[in-house]
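The next block holds one structure in the form of C-alpha cells; read it before the comments.
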Amino acid sequence: MPRLPRRFFARPTLEVARDLLGQRLVRVWNGKRLAGIISETEAYIGESDLACHARFGRTPRSEVMYHAPGHVYVYFTYGMHWMLNVVTEMEDFPAAVLVRAIMPTEGMPLMRERRGRPDAILTDGPAKLTQALGIDRQLNGHDLCSREAVLFIEKAPPRPNARILRGPRIGLGNTPEPWLSKKWNFKIRDS
DNA sequence: GGCCCGATACTCT
DNA sequence: GAGTATCGGGCCC
C-alpha cells in the first residue's frame with residue numbers, strides 16, 4: 001500500500017484526525033518494520049485552542065507545529081513520556097493530530113521487549129505506542145513524506161465494520177471551555 | 001471494571 | 001514555581 005502524501009495532511013485538522021483512523025503507522029528500526037493500525041487520534045488546532053501547545057505562540061517547543069504538514073511533532077511530558085503528533089494544515093498555521101493508540105500488526109516481538117507488558121496493553125495509549133515503536137526526541141521534526149523516512153503512514157484497506165466514535169479530548173485538566181468539551185477525539189470501534 | 005496517587009523533568013506566564 | 005495532550009501499582013469492588 002502507498003504512503004500517505006503530503007496533501008493528505010494539508011487539510012482541516014478534524015478531517016485528518018478522522019481519516020487517519022484505520023491507516024497504518026510504520027516505524028523502521030534497524031531495517032525492521034514495526035507497525036500498527038491507528039485506532040485513536042485527537043486534534044489540536046491553532047493558537048486560539050487553549051489545549052494546544054501553540055497557545056503561547058511560536059516557542060522552541062511549539063516550533064514544529066508551524067512547519068509544513070506531514071512533519072512530526074514529538075514532545076516530552078510528565079517527566080517520562082513521549083507523544084507523537086502529525087502536523088496538519090498549511091505551513092505557519094500551528095495544528096497537529098495526536099496519535100493516541102494503534103493496534104499492533106508487525107514487529108510485535110520488539111514491541112514486547114521494549115514494553116515488557118502484556119500484549120493487550122502494548123500500544124493502547126499515546127506514551128505506550130511511542131515506547132513500543134522507539135519514538136522519542138530524535139524524531140521531532142521528522143518528515144513522514146520524505147523518501148528516507150524511518151517513520152511514515154501507509155494507506156490501509158478500509159475497515160467496513162468500523163464505527164467512528166467522537167468525544168472530548170483526554171487529559172486536558174484545567175483547560176477552560178469551550179476547548180475542554182470540544183469533541184476533537186476520534187476512535188475506532190470495530191463491531 | 002474502577003479510583004487514587006506518585007514518579008519525573010521539561011515548558012512557560 | 002506551577003502545570004503537565006501519562007502510566008503503572010495498589011487497592012477495592
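We name chains A, B, ... by the order of the sequence lines, and we start the count at 1 in each one. Note: hydrogens, waters and symmetry copies are ignored here, and every other heavy atom, side chains too, is used.
- The only member of R100(A), E40(A), E42(A) that meets side chain to side chain contact (heavy atoms under 4.5 Å, CB included) when paired with P126(A) is R100(A).
- Using a 4.0 Å cut-off on heavy atoms, the residues of residues 69-90 of chain A that approach DNA chain B are F76(A), Y78(A), G79(A), M80(A), listed by number.
- Y44(A) and L25(A) fall into different hydrophobic clusters, where Ile, Leu, Val, Met, Phe, Trp and Tyr are joined by side-chain heavy atoms under 4.5 Å apart, directly or via other members.
- Hydrophobic clustering, with ILVMFWY side chains joined whenever heavy atoms are under 4.5 angstrom apart, keeps M83(A) apart from L139(A).
- Each of N185(A), T175(A), D49(A) was compared with R169(A) under the side-chain hydrogen bond (donor to acceptor under 3.5 Å, both in side chains) criterion, and only D49(A) meets it.
- One hydrophobic cluster, built from ILVMFWY side chains closer than 4.5 Å, cannot hold both I153(A) and I37(A); they sit in different ones.
- Between the CG atom of N174(A) and the P atom of dG1(C) there is a distance of 20 Å, rounded to whole Å.
- Relative to the six-membered ring of W179(A), K182(A) meets both conditions, a distance below 6.0 Å and an angle of at most 45° to the axis.
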| query | What do the steps show when you test V16(A) against T41(A) for side chain to side chain contact (heavy atoms under 4.5 Å, CB included), and what is the final call? | reply | CA-CA 9 Å; V16(A) 178; T41(A) 60; over 6 Å; no
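- Tested against Y66(A), the residues H71(A), E47(A), E91(A) include a single side-chain hydrogen bond (donor to acceptor under 3.5 Å, both in side chains) partner, E47(A).
- Under the 3.5 Å distance criterion, the side-chain polar atoms of S62(A) are matched with a main-chain donor or acceptor of G57(A).
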| query | Reading DNA chain B 5' to 3', what string of ( ), [ ], | and . shows its pairs, if Watson-Crick and G-U wobble pairs count only when both distances fall under 3.5 Å? | reply | |||||||.||||.
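- Protein chain A touches strand DNA chain B; the 5'-most and 3'-most nucleotides with an atom under 4.0 angstrom of its non-hydrogen atoms are dA7(B) to dT13(B).
- Alongside I121(A), the hydrophobic cluster contains no other residue (criterion: ILVMFWY side chains under 4.5 Å).
- Residues meeting the ring-ring contact (aromatic ring centres under 6.0 Å, His included) test with Y73(A), sequence neighbours left out: H53(A), Y75(A).
- Partners of R159(A) according to the salt bridge (Lys or Arg N to Asp or Glu O under 4.0 Å) rule, which considers only residues two or more places apart in sequence or in another chain, are D190(A).
- Shown for residues 92-106 of chain A: residues whose heavy atoms fall under 4.0 angstrom of DNA chain C, namely L98(A), R100(A).
- Side-chain contact check for R115(A) and Q131(A): at least one donor-acceptor pair (N or O, by modelled atom type) lies under 3.5 Å.
- Heavy-atom distances under 4.0 Å link DNA chain B to no residue of residues 110-134 of chain A.
- For the side-chain hydrogen bond (donor to acceptor under 3.5 Å, both in side chains) test, residues two or more places apart in sequence or in another chain that qualify with D92(A) are R58(A).
- Using a 4.0 Å heavy-atom cutoff across all strands shown, R169(A) reaches no nucleic acid atom at all.
- I170(A) shares a hydrophobic cluster with no other residue; no ILVMFWY side chain has heavy atoms under 4.5 Å from its own.
- Residues from residues 35-60 of chain A lying near DNA chain B, meaning a heavy-atom separation below 4.0 Å, are F56(A), T59(A), P60(A) in numerical order.
- Sorted by first and then second residue, the pairs that involve residues 79-122 of chain A and meet ring pair (Phe, Tyr, Trp, His ring centres under 6.0 Å), not counting sequence neighbours, are F76(A)-W82(A).
- Electrostatic pairing of D19(A) and R11(A) counts as a salt bridge here, judged by a charged N lying under 4.0 Å from a carboxylate O.
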